[in-house]
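Written below as structure tokens is the structure these notes are about.
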Amino acid sequence: MKPVARQKSVLCACVSSGVLALMMAAAPAHAQDPAGVFDEHAQDEDSDDVIVVTGTNIRGVEAVGSETISLGREQILQSGRANAADVVRTLPQVRDLGEFREGGTQGGNNNQQGNAINLRGLGQAATLILVDGRRIVNTGASQTFFEANAIPMAALERIEVVADGASAVYGSDAVAGVVNFVIRKDYEGAEVTMRATNNSGGWEYTPGITAGTSWEAGGLGQGNILVSYEYSHREAYRRYQNPYLRQDRSPFGGFDARLNGTDATAGYNGNIVVPTVDPDGPFGPAQPPQNQQIPAAGANIYYGIPSGTNENLSAGDLLFNNPSLLDSALFNDYTGEMERHQVAIFLNQSIGDRIEFFAQGSYNNRSTVSQTSQGVIANVQLKPVLYDPQTNTPTGTPNPYYIDGLTNGPLSVQYNMLQSVGTNNWTGENESYNITAGLKAELPFGWDGEVYYTYGRDEACNYCQLGTNINLAALQYQIDIGAINPLNNVDRLGGEVISRFTGDNIQRSGNGLDDFVIKINGPLFALPAGDVRAAVGGEHNQVYNYNINGANRPYTNEFVLDTDETSSRGKRTIKSAFAELYIPIIGDAMNVPLVQSLTVSAAVRYDHYSDVGSTTNPKFSATWKISDALSLRGSWGTSFRAPNLPDVNPTAISSGGAFPFFYTGADPRFPQGPISVGYVTGANPDIKPESATNWQIGFDFEPLDRLRLSATYYNIAYEDRIAGPDVFGAFFNPTTYPDYLGYAQFIFPINNPATCVNGDLSTYDPVLGGYLGRTLLYVNGLNDPCSIDVLLDGRNTNLAATRQDGIDAQIDYFHPTPWGGLSFNLAANAVLSNEQQVVEGEPFIDRTGFYSSPIKWRGRGSVGVNYGRFNATLFGNYTGAYTNDQAVNAQNQAIAPVEIDPYVTLDLSLGYRGDGFGSGSGFVKSYRAGINIQNLTDRDPPLVFTTGGVFNPTYSNPFGRTFTFTLSAGF
């Protein structure tokens with residue numbers, strides 16, 4: 001990657017010639033519909049003659065070299081999934097859901113609980129999501145992503161997936177592949193649908209309507225419109241409803257997470273936690289004694305607080321090692337209550353014989369409210385003396401609630417305010433829309449052209465706690481001045497007192513897309529095997545992102561706005577030029593032995609970014625058809641992913657802090673004993689784009705009519721991956737990170753001179769001054785820079801590399817019968833190796849088949865029968881064995897890795913469809929009823945013991961047997 005300025009003339013020339021050509025004339029394009037998963041000969045009732053082909057800009061030809069996986073409308077409905085993202089996740093090529101899904105994801109980079117797709121397990125950012133082959137606006141704040149549920153299910157015609165690098169055609173993000181949601185284009189009448197499902201725990205109800213019509217507009221020609229609308233309401237699913245989601249995992253043989261060290265989910269009475277006495281002090285070699293009665297407490301003693309107002313307690317009044325506990329699952333939602341409105345619109349109108357105007361749009365409005373006890377059960381300090389309300393400094397007045405005889409200094413109290421304050425709420429709100437309008441034209445010499453503009457906007461309250469957020473600094477202040485007695489578990493706090501430490505905590509974001517694309521394609525000249533075809537075009541894309549962050553933070557409980565829309569706005573302009581060639585070298589009529597046809601294609605794309613440089617990415621592909629039954633294919637190309645705007649914008653995401661640490665490591669640059677550790681995290685303006693090289697080779701074999709076997713070997717070398725270096729693990733765990741395991745370049749000794757003055761950058765160590773001279777939004781912990789001894793740079797950077805190879809394989813068979821037909825499908829993905837390199841120069845380590853990395857095997861198969869108007873399909877889902885390298889025992893102590901057995905579940909889909917009531921000429925023209933049962937045998941998820949839980953949410957869910965009911969009618 002390097003900045004390039006002179007390429008602008010190339011782009012301008014390309015765009016100008018395309019505009020001139022479009023002004024000359026116009027007409028619709030055609031492409032070939034790829035095969036379906038179950039029966040490639042079945043056609044959707046409303047399929048359009050003009051088909052979008054994923055992976056190429058040349059109309060009228062199939063994509064060369066790369067396999068396209070297509071899920072038709074029938075397969076989407078049979079899957080029984082509640083949304084488009086979950087449909088795609090049934091594919092074996094999708095791995096590692098991570099946090100970009102709904103359920104249990106609050107508090108990370110996905111507070112709004114959006115959905116993203118992760119092909120190959122290379123991260124959601126490496127998968128490009130398109131709608132009808134066009135980009136959509138990003139969503140998110142600290143990490144932006146493509147919302148995979150941008151289109152209502154009622155509007156989907158099919159989903160196409162190309163699990164191969166495609167930056168030569170589409171630009172950034174298409175490293176692992178592309179997921180293209182193709183919307184319905186042509187439907188006459190109205191279709192009403194009702195879907196009810198409980199496959200996310202709480203029941204979700206989704207009524208929807210799709211309506212369309214066509215017309216003849218006099219001299220203009222034909223036109224049509226289709227509109228789909230869906231409304232979804234999902235009930236909240238409380239964690240306590242499911243034993244797999246509770247803190248107390250002892251019924252499964254796991255540890256009771258209600259208490260762990262000084263962290264505990266205190267019951268309504270609350271607790272006091274006192275560390276055991278270290279026999280030789282904090283700096284001596286001897287360790288403090290462990291709690292023998294409560295091993296999970298470690299070197300701490302728990303005192304349960306008796307019921308009462310508790311104003312003059314003595315140590316003897318407390319309940320020694322008898323803590324008051326409850327399970328936080330009682331008050332926390334796994335999936336929150338959700339409401340969603342979705343609209344998709346397609347409009348097409350001929351303008352004479354040669355031009356078509358088209359417009360399409362999508363609208364998504366989602367609100368999710370998740371209850372939580374976060375902050376309502378808090379660790380606070382009860383200090384020996386009261387504080388002055390005016391200055392917030394200690395006085396000489398003894399605190400009447402303090403208990404002598406337990407420890408020197410403040411008491412750590414686990415304070416439960418649920419009965420006074422109630423639960424806290426996460427509110428995630430997201431509103432986004434994408435509007436595309438353009439022209440298609442029939443150009444001279446058999447060429448076609450297309451020009452369009454996409455306007456996309458997304459606004460979200462990713463993390464909004466409105467009026468319910470607990471300001472711990474203000475709460476501690478109220479305790480310090482004696483306004484609150486945290487030992488009083490009988491009297492409820494009054495509303496006026498509660499208002500002094502509650503308030504808002506918001507993280508709002510906005511994202512924008514203004515994308516202008518022009519492209520032309522058609523024949524160049526004829527060869528004996530057919531026409532050489534080409535496509536050229538240009539794109540001008542402007543994107544922006546901003547984050548608004550604020551909370552009631554000071555002890556005075558005033559609302560503080562850390563960033564606003566103006567100060568945090570990051571923007572980027574991308575100018576691109578692309579070209580593609582389709583070359584039929586050998587054709588059937590040429591009678592070449594063993595070569596029925598040989599076709600090659602070449603694509604190249606140049607992208608110039610206003611902030612991170614430029615890149616050129618080629619792709620070469622070939623398909624060799626040996627006979628009607630056998631063909632070979634392959635491709636090679638490069639791909640890239642530009643950093644998201646928040647990755648490089650410190651005014652949107654950045655922070656710093658400091659804390660004391662007792663250093664016992666072997667690094668001679670740091671003194672043994674107490675030191676001050678400073679750190680910085682967040683955005684890094686020096687990040688460069690990620691890059692990848694992809695190649696694959698495969699075959700398609702049809703030995704019998706309607707029987708197809710295919711397999712693909714793929715290889716991906718993915719470099720400069722953007723991640724945060726694990727500097728905290730490296731610095732604090734020298735035994736498990738010998739020589740910092742490559743992270744030494746992010747650990748800096750700080751030697752401030754004796755003349756250092758806090759607030760004067762010129763007096764700091766130059767390294768520290770360089771970091772603190774940059775934008776840092778949250779720096780409360782760095783208020784004493786002159787005392788810092790070490791600085792840890794935890795900002796995102798180009799860090800890791802991944803080398804992955806594997807095999808995709810699929811078998812499809814459909815056998816027609818006089819009464820219907822039988823179908824069989826089996827699809828599998830095997831990851832042969834997934835090697836990872838932490839930093840450049842370090843060795844690659846194979847990370848295939850571990851808890852948080854791609855497992856080796858994943859598959860899905862089906863057996864189906866169509867009998868007249870009735871259909872039934874039994875699906876099998878296979879998740880291969882893997883190693884739990886994060887295993888813990890019943891005391892939450894790390895143990896040797898544990899092998900997890902394969903996991904198999906069955907799904908059943910039953911459906912019936914008719915052409916109407918009576919003679920079929922009545923008001924109802926068609927109808928359909930279906931039921932899908934996921935996890936038919938109610939198989940429990942494999943027990944996978946980690947600090948985070950007893951199952952792996954990446955490859956299983958805790959809901960057991962779940963149902964989806966669908967009823968639709970056409971009018």
Side-chain angles (χ1 to χ4, degrees), residues 33-48 51 69-82 86-87 90-91 153-154 156-160 182 184 186-187 189 191-195 197 210 700 702-710 810-828 859-877 905-920 924-937 963-970:
D33 188 11
V37 170
F38 301 113
D39 175 16
E40 62 183 275
H41 306 275
Q43 298 293 322
D44 295 333
E45 59 180 340
D46 59 345
S47 91
D48 187 31
I51 300 297
I69 304 166
S70 181
L71 298 172
R73 182 159 181 78
E74 189 68 25
Q75 290 83 49
I76 293 171
L77 296 175
Q78 285 187 358
S79 73
R81 269 39 181 192
D86 285 343
V87 173
T90 64
L91 297 175
M153 290 271 282
L156 282 175
E157 177 182 313
R158 68 183 184 277
I159 303 171
E160 293 186 344
V182 182
R184 300 165 78 176
D186 188 11
Y187 185 83
E191 179 184 72
V192 177
T193 303
M194 178 64 189
R195 184 171 65 249
T197 179
T210 298
D700 299 290
E702 299 186 23
L704 301 173
D705 186 31
R706 299 176 185 268
L707 171 64
R708 180 169 65 90
L709 297 85
S710 64
Q810 185 165 309
I811 302 173
D812 292 291
Y813 179 63
F814 181 77
H815 178 69
T817 66
W819 41 263
L822 300 171
S823 62
F824 172 80
N825 167 266
L826 178 63
R860 181 172 167 90
S862 67
V863 177
V865 57
N866 295 327
Y867 185 82
R869 301 180 185 277
F870 174 80
N871 66 79
T873 306
L874 181 67
F875 298 89
N877 308 288
T905 60
L906 300 176
D907 303 338
L908 177 64
S909 176
L910 304 173
Y912 184 85
R913 61 191 305 169
D915 295 330
F917 298 115
S919 63
V924 178
K925 293 189 290 186
S926 63
Y927 60 92
R928 177 189 183 106
I931 179 174
N932 182 279
I933 308 172
Q934 294 182 45
N935 196 355
L936 180 66
T937 61
F963 298 86
T964 299
F965 303 94
T966 305
L967 182 64
S968 64

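- For the pair Gln78 and Ser862, the minimum side-chain heavy-atom distance is 4.5 Å or more.
- Here Asp86 pairs with Arg89 under the salt bridge (charged side-chain N to carboxylate O under 4.0 Å, His left out) rule; sequence neighbours left out.
- Minimum heavy-atom separation, Pro703 to Leu709: CD-CD1, 3.7 Å.
- A search for side-chain hydrogen bond (donor to acceptor under 3.5 Å, both in side chains) contacts involving Thr964 returns Thr197, not counting sequence neighbours.
- With sequence neighbours excluded, no residue forms a side-chain hydrogen bond (donor to acceptor under 3.5 Å, both in side chains) with Asn932.
- For the residue pair Tyr813 and Asp705, the shortest heavy atom distance occurs at CE1-O, 4.2 Å.
- Using a 4.5 Å cut-off on side-chain heavy atoms (C-beta onward), Thr193 and Met153 make no contact.
- Asp812 and Asn825 are linked by a side-chain donor-acceptor pair at a separation below 3.5 angstrom, with hydrogens and angles left out of the test.
- Contact detail for Gly970 and Tyr187: the closest heavy-atom pair is CA-OH, 4.0 Å.
- The one candidate from Lys925, Arg184, Arg928 that meets the side chain to side chain donor-acceptor pair (under 3.5 Å) condition with Glu191 is Arg184.
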Would you check, one step at a time, whether the test side chain to side chain contact (heavy atoms under 4.5 Å, CB included) holds for Leu822 with Val863?
CA-CA 8 Å; Leu822 300 171; Val863 177; over 6 Å; no
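- With sequence neighbours excluded, no residue satisfies side-chain hydrogen bond (donor to acceptor under 3.5 Å, both in side chains) with Thr90.
- Residues Leu874 and Leu936 are in side-chain contact: their nearest non-hydrogen atoms beyond the backbone lie under 4.5 Å apart.
- Contact record, Gly821 with Phe814: CA-CZ, 4.1 Å, taken as the closest heavy-atom pair.
- Surrounding CZ of Phe870 are more than 12 heavy atoms belonging to other residues, nucleotides or ligands, all under 6.0 Å away.
- Taking CG from Asn871 and OG from Ser909, the interatomic distance works out to 6.0 Å, rounded to the nearest 0.5 Å.
- Residues passing the ring pair (Phe, Tyr, Trp, His ring centres under 6.0 Å) test with Tyr912, sequence neighbours excluded: none.
- Gln934 CD to Asn877 CG: the interatomic distance, rounded to the nearest 0.5 Å, is 8.0 Å.
- At distances below 3.5 Å, at least one donor-acceptor pair connects side-chain atoms of Arg73 with backbone N or O atoms of Leu156.
- One N or O on the side chain of Asp907 and one on the backbone of Asn935 form a donor-acceptor pair closer than 3.5 Å.
- The side-chain heavy atoms of Asp700 and Arg708, taken from C-beta on, include a pair separated by under 4.5 Å.
- One finds the CG atom of Leu707 at 12.0 Å from the NE2 atom of His815 (value rounded to the nearest 0.5 Å).
- Proximity of a side-chain donor or acceptor of Arg195 to a complementary backbone N or O of Ala82 within less than 3.5 Å is detected.
- Under the 4.5 Å side-chain criterion, counting only non-hydrogen atoms from C-beta, Val192 is not in contact with Met194.
- Sequence neighbours left out, the pairs with a member in residues 861-877 that pass salt bridge (Lys or Arg N to Asp or Glu O under 4.0 Å) are Arg869-Asp915.
- Taking the side chain as every heavy atom from C-beta outward, Arg158 and Gln75 never approach each other to under 4.5 Å.
- Summarising the geometry of Val87 relative to Ser79, their closest heavy-atom pair is CG2-OG, 3.5 Å, with the distance given to 0.1 Å.
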